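Beneath this line is the structure, given in structure tokens, with notes to follow.
As the structure is a computational prediction, the values presented were derived from the model and not from experiment. Along the sequence shown, the residues carry numbers beginning at 1.
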Amino acid sequence: MGPLRFKSVCIESMAVNLPELEVTSAELEDRLSGLYERFQMPHGTLEKLSGVRARRLWPRPTMPSQVATVAAEQALAQSNIKREQIGLVVNCSVTRDFFEPATACLVHQNLGLSESAAAFDITNACIGFSNGLMQVATMIEMGVIKAGLVTSGETVTPIIESTIEQLQKEGAVKREDLMTVLPTLTLGCGAVAYLLVHESLATSGHRLIGSVARSATDCSEFCMGNSDLQLVDHDKITPLMRTESGKLMSAAAKLGGRMFKDFSEGFGWNREDIQHVFCHQVGKQVNEGFYREMGLDMEKEFTVYKDIGNLVSAALPTCLAMGAKEKGMKSGEKVLLTAFGSGLNSIFTGIVW
């Protein structure tokens with residue numbers, strides 16, 4: 001799909017909300033020491049394969065709407081936009097408070113927004129936030145709204161805990177099964193919010209220029225997770241996820257090569273034009289595979305997965321929000337966001353800072 005072009009949309013502010021508790025990969029492996037011994041796997045395998053040293057976790061039962069609201073409040077506080085000017089809230093997290101209502105409705109309520117402001121969820125694995133950006137930006141470009149919030153609150157503690165509990169059961173998994181479950185332990189908790197506005201309200205000047213998208217759904221089975229929703233007790237949620245890492249990495253890298261061709265032809269950006277690249281924060285092997293296939297310069301990348309893990313839909317937007325500060329990005333520089341998500345979906349988004 002695409003190119004989807006925007007002429008009047010700016011990212012006014014970005015805010016990140018991370019847990020205080022840090023849990024290292026070594027600590028998780030300590031809990032699996034018996035399994036590691038049985039399979040003769042060396043301690044440190046998780047970090048060696050993924051590059052993820054640590055992740056942040058919220059205590060159960062921290063709710064996605066709760067942490068997304070904190071990020072949204074911070075994004076609003078960084079701007080001059082009043083709450084009554086917000087026309088839409090889109091929440092994009094994989095983890096949600098309930099089957100219904102939409103988590104965005106709870107964020108909307110927590111923020112005390114007007115009844116005239118719409119609220120709904122977009123759930124699309126790790127790529128959901130990029131879908132949210134496209135949706136809110138389209139509404140602004142069409143003149144339907146002047147300002148909108150895109151939020152994500154990922155609370156992955158339940159899936160990490162249930163995965164470890166399953167692995168600790170005697171004889172529950174074979175060695176080959178372990179390798180499909182291990183990527184789950186690279187996940188981390190986090191929340192992020194972006195405030196998008198029409199250029200007439202903007203003070204930042206960070207222009208969202210547009211996106212292209214592809215869906216290679218023949219790869220849908222490479223990463224699948226069961227329901228993380230319960231109607232009674234969030235402390236009893238027991239989700240599990242299995243990932244065919246090698247197949248997923250290879251397919252995503254090849255898809256990324258096709259995606260960059262789409263983006264380059266659609267927006268006229270070549271590799272030399274781009275000053276900064278922010279890729280979905282999965283892990284070492286995956287990210288290196290993306291760059292080899294796309295032919296982009298890894299020196300232009302900024303990574304956060306080593307210290308906070310894969311934040312699911314919050315990963316890429318968190319990386320940009322943190323990188324914008326740490327890299328000292330300058331006005332007029334071209335920024336490329338390369339989003340990937342199970343499905344297999346990809347969205348490339350361009351920003352002129």
Side-chain angles (χ1 to χ4, degrees), residues 11-21 56-124 128-133 135-137 139-140 144-159 188-197 201 228-235 237 239 308 311-318 320-322:
I11 301 175
E12 182 66 2
S13 61
M14 304 177 288
V16 174
N17 175 26
L18 294 176
E20 293 183 4
L21 175 64
R56 307 281 189 88
L57 297 179
W58 273 302
R60 299 176 75 169
T62 302
M63 306 298 275
S65 65
Q66 172 189 346
V67 295
T69 298
V70 172
E73 289 280 13
Q74 293 172 352
L76 286 169
Q78 294 173 22
S79 76
N80 294 321
I81 302 300
K82 296 179 175 59
R83 290 170 199 262
E84 55 267 29
Q85 293 176 286
I86 302 297
L88 174 61
V89 178
V90 179
N91 187 76
C92 307
S93 55
V94 172
T95 54
R96 294 180 288 162
D97 290 42
F98 305 105
F99 184 78
E100 58 178 74
T103 301
C105 291
L106 304 175
V107 175
H108 182 290
Q109 179 187 38
N110 293 342
L111 293 174
L113 299 182
S114 167
E115 185 178 286
S116 62
F120 57 82
D121 288 351
I122 293 179
T123 303
N124 194 15
F129 202 93
S130 291
N131 289 114
L133 290 177
Q135 180 65 56
V136 174
M139 299 285 273
I140 292 173
V144 178
I145 63 173
K146 286 287 189 178
L149 282 164
V150 185
T151 67
S152 173
E154 298 289 10
T155 58
V156 300
T157 305
I159 194 170
C189 295
V192 62
Y194 281 21
L195 175 60
L196 303 187
V197 301
L201 300 179
D228 64 346
L229 306 174
Q230 294 286 334
L231 298 180
V232 181
D233 190 345
H234 282 265
D235 281 333
I237 295 174
I308 61 176
L311 305 187
V312 200
S313 71
L316 179 57
T318 294
L320 174 59
M322 296 175 70

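- Between I145 and V136, some side-chain heavy-atom pair lies under the 4.5 Å cut-off.
- Looking at R60 and P158, their side chains come closer than 4.5 Å, going by heavy atoms from C-beta outward.
- Taking the side-chain hydrogen bond (donor to acceptor under 3.5 Å, both in side chains) definition, one finds that S152 meets it with S313, sequence neighbours left out.
- Here the shortest heavy-atom pairing between C189 and L18 reads O-CD2, 4.0 Å.
- Put simply, CD on E115 and CG on L113 are 12.0 Å apart, with the number rounded to the nearest 0.5 Å.
- Under the rule for a salt bridge (charged side-chain N to carboxylate O under 4.0 Å, His left out), E84 has no partner lying at least two apart in sequence or in another chain.
- Nearest heavy atoms, H108 versus A118: CD2-O, 4.3 Å.
- Interatomic distance, CG of L88 versus CD1 of I140, reported as 8.5 Å (0.5 Å rounding).
- The minimum heavy-atom distance between V67 and G153, with the atom names listed, is CG2-CA, 3.8 Å.
- Under the rule for a side-chain contact (heavy atoms from CB on, under 4.5 Å), the partners of N80 that lie at least two apart in sequence or sit in another chain are T203.
- From D97, atom CG reaches atom CG of D121 across 9.0 Å, with rounding to the nearest 0.5 Å.
- Shown here are the side-chain hydrogen bond (donor to acceptor under 3.5 Å, both in side chains) partners of T69, two or more places apart in sequence or in another chain: N110.
- Between I86 and S114 the shortest side-chain heavy-atom distance does not fall below 4.5 Å.
- Summarising the geometry of A147 relative to Q85, their closest heavy-atom pair is CB-O, 3.7 Å, with the distance given to 0.1 Å.
- The side-chain heavy atoms of M14 and L320, taken from C-beta on, include a pair separated by under 4.5 Å.
- In this structure the side chain of S130 reaches within 4.5 angstrom of the side chain of L316, judged on heavy atoms.
- Taking CD of E73 as the start and CG of N17 as the end, the distance is 11.5 Å to the nearest 0.5 Å.
- Side-chain contact check for F129 versus V192: some heavy-atom pair is nearer than 4.5 Å.
- Looking at residues two or more places apart in sequence or on another chain, you find a side-chain contact (heavy atoms from CB on, under 4.5 Å) between A68 and N91, V107, T151.
- Looking only at side-chain heavy atoms (C-beta outward), L76 and R83 come within less than 4.5 Å of each other.
- Side-chain atoms of L133 and Y194, non-hydrogen and from C-beta on, do get closer than 4.5 Å to each other.
- The two residues G128 and I122 have their closest heavy-atom pair at O-CG2, 4.2 Å.
- Expressed to the nearest 0.5 Å, how far OG1 of T318 lies from CG of L311 amounts to 5.0 Å.
- Side chains of T95 and S93: no donor on one and acceptor on the other come within 3.5 Å.
- Atoms OG and CG, from S79 and L195 in turn, are 5.0 Å apart once rounded to the nearest 0.5 Å.
- Considering only residues two or more places apart in sequence or on other chains, N124 meets the side-chain hydrogen bond (donor to acceptor under 3.5 Å, both in side chains) condition with N131, N345.
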As a quick check of understanding, evaluate side chain to side chain contact (heavy atoms under 4.5 Å, CB included) for C92 and T123, giving each step before the final call.
CA-CA 5 Å; C92 307; T123 303; over 6 Å; no

CA sep, side-chain torsions, deciding dist, call: W58, E154, side chain to side chain contact (heavy atoms under 4.5 Å, CB included)
CA-CA 10 Å; W58 273 302; E154 298 289 10; over 6 Å; no

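- In this structure, A119 and A104 approach most closely via the heavy-atom pair CB-O, 3.8 Å.
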